[in-house]
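In each ligand, atom 1 is the first atom listed, and ligand 1 is the first ligand listed. Position 1 is the first residue of the sequence; numbering continues from there. Quick caveat, the model's predicted, so the values are computed rather than measured.
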Amino acid sequence: MFKITVLCKINNNHSIPPTAGCGEEVNNSIMNNAIYSFREPKNEPVYSYSPGSPERESLMEELNSQNNKVVEIPLIIGGKEIRTGKTGYVVKPTEHGHILAKYHMATEKEVAHAIDEAMKAKRDWMNLSWMERASILMRSAELISGKYRNLMNASTMLGQGKNVHQAEIDAACEVIDYLRFNSWFASLIYREQPVSGTQSINRIQYRPLEGFIYAVTPFNFTAIASNLNTSVALMGNTALWKPASTALLSNYYLMTILKEAGMPDGVINFIPGPGSAITNVILKNKDFGGLHFTGSNSTFNTLWKQVSYNLEIYTSYPKLVGETGGKGFIFAHSSSDPLELAVAIVRGAFEYQGQKCSAASRAYIPESLWPELKDHLLSITSDLHMGDVMDFKNFVNAVIDEAAFDNILGYINKAKSSKEARIITGGSGNKSKGYFIEPTIIETTDPHFVTMEKEIFGPVMTVFVYDDKLFEETLDICDKTSPYGLTGAIFSRDKYATMKACRTLRYSAGNFYINDKPTGAMVGQQPFGGARASGTNDKAGSYLNLVRWVSPRTVKETLIPATDYRYPFMD
Ligand code: NAD
C-alpha cells in the first residue's frame with residue numbers, strides 16, 4: 001500500500017484531489033493518485049406496484065414472509081450484537097396484537113460502551129479518504145435499489161403502517177437519494193478551497209467535528225433515520241444512533257445493510273431504548289460533539305436545554321441540528337381551481353395518515369370557492385379506503401400507536417364539542433384492532449381555533465373560509481397563527497396574488513409551494529427544513545446540512561518566509 005501526503009490545489013483549480021488537508025496521510029486507498037468527483041445523481045425512479053407488475057408480486061412475497069415471523073433486534077455496538085435482556089416489542093399499527101419484532105434496550109452501561117466504540121472507530125474512519133467513505137454509501141444505495149428494496153419497503157409498511165407508495169418513496173427512493181446525493185454534495189464541499197497567491201498556498205481542511213455525534217431519529221421516515229446517521233458518517237464523524245422504537249424493524253434492517261455495504265464497526269452504533277436514559281449518559285460526556293435530531297419540537301427543546309446545562313463539560317461547542325414539527329397550510333386565492341385544491345388537500349393532509357411533518361393541516365379558502373371545493377372533498381374522501389397495508393387498495397392505514405390515536409381523537413373531540421367548528425367528513429376512530437382514524441375535515445369560523453394552531457400529526461384538516469375581499473388580511477392571519485414555519489402552499493392563477501402571498505408568508509414556511517401540496521419534498525430538488533419552532537433549518541438533502549458536520553481548518557503555507565521584521569513604511 002502506498003503512502004502519500006496529499007497536496008492541495010492552488011487558485012481554485014480543482015485538479016488536485018481535495019482528499020485531505022495539511023499533513024494528513026492518505027494511505028488507505030489504492031487509488032491514491034486518482035482525481036475523482038461524483039456526477040450529479042438522478043432521483044431514484046419510483047416503482048408503481050400496479051396490479052400484475054413484477055415488483056408487486058415479489059414485494060407481496062416479502063410482506064408475507066415478514067408478516068409471519070418475529071425478529072429479534074439486538075443493539076449493535078462496535079459491530080457486535082448485544083442482547084441486554086431488557087426487551088420491548090414492535091407491533092403492527094394496523095393490528096396491534098401482531099408482534100413483528102422483539103428488541104433489546106440499551107442501559108447506561110451499553111451507552112457508555114457505544115461512546116468508547118465510536119471514539120475508537122473515529123481515528124481510522126476520519127483518516128479514510130472521503131471518496132472511500134462515500135463509496136460505502138453508494139454501495140448501500142445500490143443494495144437498497146436492488147436486492148434489499150423489498151426488505152426495506154415491507155418492513156416500513158408493516159412496522160410503520162405505510163401503504164406501498166408511501167413506503168416506496170420513503171424507504172427505497174428517499175433513502176437511496178440521500179446516500180447518492182450526499183456523496184455528490186460532499187464532493188462539492190471538499191473541492192471548495194480558498195484562493196492562493198504565488199507566495200503562499202492556502203487550503204481548507206474539512207475536519208469532522210471533534211468527538212462523536214448523537215443521532216436521534218423519528219418514527220415517520222425511514223429515510224430520515226438513514227440520513228441522520230449516514231450524512232454525519234460521510235463527513236468523517238462517528239455516531240450513536242437512537243432510533244424510535246416504533247420504527248425499529250426497518251431501522252434494524254437498514255443497519256444490517258450498511259454493515260453489508262462495508263460500514264466499518266463502530267462508525268454507527270445502534271442503541272435502541274428509552275430516549276431520556278440514553279440521553280442522560282450521552283449529554284454528560286465531554287466528547288459529545290453534535291446532535292442530529294428529527295422529531296417533535298418539545299423533545300428537541302428538552303435536548304437543547306440539557307446541552308446548555310452541560311455546556312462547560314464539552315471539548316467544543318456542540319453543533320445542534322434539529323428538524324421538528326410543523327403546521328403546514330394551503331392558502332387558496334379566489335383565482336385557483338377547486339378540483340386542484342381538493343386533490344392537494346386530500347393528498348397533503350391524509351397521505352400516511354397526516355403523520356408527515358410537512359402535512360397540510362390547515363387551509364384558508366375564499367368563500368367563492370368553498371361550495372364547489374367542499375363537494376369535491378366530500379366526493380374524494382368518500383372514495384378513500386382505510387385498512388391494512390397488505391391490501392393495496394387502502395389509501396389510508398393506521399396511525400403509529402395508541403398515544404398518537406388518543407391525542408388525535410382528542411383534537412377531533414374538541415371540534416365536536418365547539419360551537420366554532422363542525423366536522424364535515426370523518427370524525428371517528430377505532431382502536432380495537434389497529435389504530436384507525438377516519439380522514440377528518442373540520443370547518444371552523446375561528447382562524448385561531450385549536451386545530452388551526454397545534455400540530456396534530458394525524459389525518460385531520462381544518463378549513464377556515466374567508467371573505468374573498470380579505471385576502472391580504474387573511475394572509476397576515478396565516479403567518480401569525482402557528483409557531484411553526486415548516487411547509488405551506490399558495491394556490492393561485494393570479495401572479496400578483498401569488499407574489500403577495502410569497503412576500504407576506506416569507507417566514508411562514510421553509511418549504512413553500514406554488515400550486516402544489518406542501519408534502520413530498522425530494523432530495524436534491526427541494527432541500528427540506530423550516531425555522532421558527534420547526535427547527536434549525538439546516539436543509540436535509542443539500543450541501544447545507546453536510547457543512548454542519550465539519551469543522552474546517554484553514555492552513556496557510558508560506559513558500560519563502562520573511563527574514564526582516566521591518567516594513568517599507570518604516571524607512
Ligand atoms: P418524538 O420527538 O416523540 O421522537 C423523536 C425521537 O426522539 C424518537 O427516537 C424518540 O424516542 C426520541 N426521544 C424522545 N424523548 C427523548 C429524549 N429525552 N432523549 C432522546 N431521545 C428522545 O417525535 P416522533 O413522534 O418520533 O416524530 C414526530 C415528530 O417529528 C413530529 O413533531 C414531526 O413534525 C417531527 N418531524 C419533523 C421532521 C422535519 O423534517 N421537520 C420530519 C419528520 C418528523
Counting only N and O atoms by type, is there a donor-acceptor contact under 3.5 Å from the side chain of Ser226 to the main-chain atoms of Thr222?
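Checking the backbone N and O of Thr222 against the side chain of Ser226, no donor-acceptor pair under 3.5 Å is found.
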Check for a donor-acceptor pair, side chain of Ser418 on one end and backbone N or O of Lys414 on the other, with a separation under 3.5 Å.
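Side chain of Ser418 to backbone of Lys414, a donor-acceptor pair under 3.5 Å: no, none is there.
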Starting from [atom], which protein heavy atom do you reach first, and at what distance in Å?
{"atom": "atom 38 (C) of ligand 1", "result": "Cys357 SG, 3.0 Å"}
{"atom": "atom 18 (N) of ligand 1", "result": "Ser276 CA, 3.7 Å"}
{"atom": "atom 20 (C) of ligand 1", "result": "Thr279 OG1, 2.7 Å"}
{"atom": "atom 34 (O) of ligand 1", "result": "Glu455 OE2, 2.6 Å"}
{"atom": "atom 35 (C) of ligand 1", "result": "Gly295 O, 3.1 Å"}

Interfacing atoms of ligand 1 (cut-off 4.0 Å, heavy-atom, [X]):
{"X": "Pro218", "value": "26 (O), 27 (O)"}
{"X": "Phe528", "value": "39 (C), 40 (O)"}
{"X": "Pro243", "value": "9 (O)"}
{"X": "Gly325", "value": "32 (O), 34 (O)"}

Salt bridge between [X] and [Y], side-chain N to carboxylate O under 4.0 Å?
{"X": "Asp479", "Y": "Arg532", "value": "yes"}
{"X": "Arg180", "Y": "Glu44", "value": "yes"}
{"X": "Glu117", "Y": "Lys80", "value": "no"}

Taking distance alone, with N or O pairs closer than 3.5 Å, would you say [X] contacts ligand 1?
{"X": "Lys242", "answer": "yes"}
{"X": "Phe457", "answer": "no"}
{"X": "Ser296", "answer": "yes"}

Answer yes or no for [X] and [Y]: cation-pi contact, defined as NZ/CZ to six-membered ring centre under 6.0 Å and angle to ring axis within 45°.
{"X": "Lys286", "Y": "Tyr314", "answer": "no"}
{"X": "Arg149", "Y": "Tyr47", "answer": "yes"}
{"X": "Lys517", "Y": "Phe491", "answer": "no"}

Tell me which one of [options] gets a heavy atom nearest to [atom].
{"atom": "atom 8 (C) of ligand 1", "options": "Thr217, Asp538, Thr302", "answer": "Thr217"}
{"atom": "atom 37 (C) of ligand 1", "options": "Thr324, Leu291, Asn220, Val216", "answer": "Thr324"}
{"atom": "atom 15 (N) of ligand 1", "options": "Ile224, Asn251, Thr299, Asn280", "answer": "Thr299"}

Is the Tyr214 to His292 ring centre distance short of 6.0 Å?
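No - the distance between ring centres of Tyr214 and His292 does not fall below the 6.0 Å cut-off.
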Under-4.0 Å heavy-atom contact with ligand 1, by part of [X] that carries it:
{"X": "Phe300", "answer": "neither"}
{"X": "Tyr214", "answer": "side chain"}
{"X": "Gln355", "answer": "neither"}
{"X": "Leu303", "answer": "side chain"}
{"X": "Phe293", "answer": "side chain"}

Say whether Gly530 and ligand 1 are in contact under the criterion: heavy-atom distance to a ligand atom below 4.0 Å.
no
4.0 Å heavy-atom contact, Phe219 with ligand 1:
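The answer is yes, since Phe219 has a heavy atom less than 4.0 Å from ligand 1.
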Looking at Asp516 and Ala489, what are the two nearest heavy atoms and their distance?
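Of all heavy-atom pairs spanning Asp516 and Ala489, the closest is O-CB, 3.2 Å.
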Shortest non-hydrogen contact from Lys416 toward Ile423
CG-CD1, 3.5 Å
Between CZ of Phe270 and CD1 of Ile77, what distance do you get to the nearest 0.5 Å?
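Result: 10.5 Å between the selected atoms.
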Which pairs, with at least one residue in residues 232-246 and sequence neighbours excluded, count as a side chain to side chain donor-acceptor pair (under 3.5 Å)?
Thr217-Trp241
